[in-house]
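Quick notes on the structure that follows.
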Amino acid sequence: MKVPGAGYVVLALLVAFFGALSWKYARRLLTVARVLRRGVRTGGECVRVETEPYNRSDAARHYFAFHTADGTQVEFEDLASWSMKEGTWVTVTYDPRDPQGTATVAGRGSWSPVLQALALTAGCGLAALGFTTLLLYQVLGGT
């Protein structure tokens, strides 16, 4: 059974999904770039590494903690290399106006968060562009 317009809906959903992901990672990339230029640096630590249950994936989520100048402890998640282990000391850069939302471990010796955000932005952006092209091709009279 063929549902009329189902292809359009699927492609539109894919465009929206990859477009939203691209936007999210592009904003993070810009925030990290701004913080690296103007942020405050302090010492921090990798406090937790979470992996997918049952080891079905090599993806890991890295959580870091640091103390701001006024002594407030902040914990945040950031992209990090696969070799990053719990207890590893890192340099954290953050904007004092929003430490939770801007903290990053990117910087000298650790460009992994910048490169990963750049790769995710480019990859999701290209996927959104590709699905947009397919959608327009179908809408404008392609097969």
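Since we're looking at a predicted model, the values are computed, not measured. Just the heavy atoms: all of them, side chains too, but no hydrogens, waters or symmetry mates, feed the values below.
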### Nearest-0.5 Å distance that lies between atom CD in Gln100 and atom CD in Glu77
10.5 Å
### Query
Which value, rounded to the nearest 0.5 Å, describes the distance between His62 atom NE2 and Thr51 atom OG1?
10.0 Å
Would you name the heavy atoms of [X] and [Y] that are closest together and state the gap between them?
X: Thr93; Y: Arg41; answer: OG1-CG, 3.5 Å
X: Met84; Y: Cys46; answer: CG-SG, 4.0 Å
X: Val47; Y: Ala65; answer: CG1-CB, 3.6 Å
X: Val92; Y: Ala103; answer: CG1-CB, 4.1 Å

Check whether any side-chain N or O of [X] sits under 3.5 Å from a backbone N or O of [Y] as a donor-acceptor pair, and report yes or no.
X: Thr104; Y: Val32; result: no
X: Asp95; Y: Thr102; result: no
X: Thr121; Y: Ala117; result: yes
X: Arg34; Y: Gly39; result: no

### Query
Between Leu120 and Arg28, is any pair of side-chain heavy atoms under 4.5 Å apart?
no
#### Entry: Within-4.5 Å side-chain heavy-atom neighbours: Leu29 and Val114
yes
### Query
Crowded around Arg48 CZ? As in, over 12 foreign heavy atoms under 6.0 Å?
yes
### Message
Let me check something: do Leu134 and Leu129 share a hydrophobic cluster, defined by ILVMFWY side-chain heavy atoms less than 4.5 Å apart, either directly or through other members?
### Response
no
### Summary
When Tyr8, Phe17, Phe18 are each screened for ring-ring contact (aromatic ring centres under 6.0 Å, His included) with Phe131, the one that passes is Phe18
### Query
Would you call the rings of Phe66 and Tyr94 parallel, tilted or perpendicular if under 30° counts as parallel and over 60° as perpendicular?
tilted
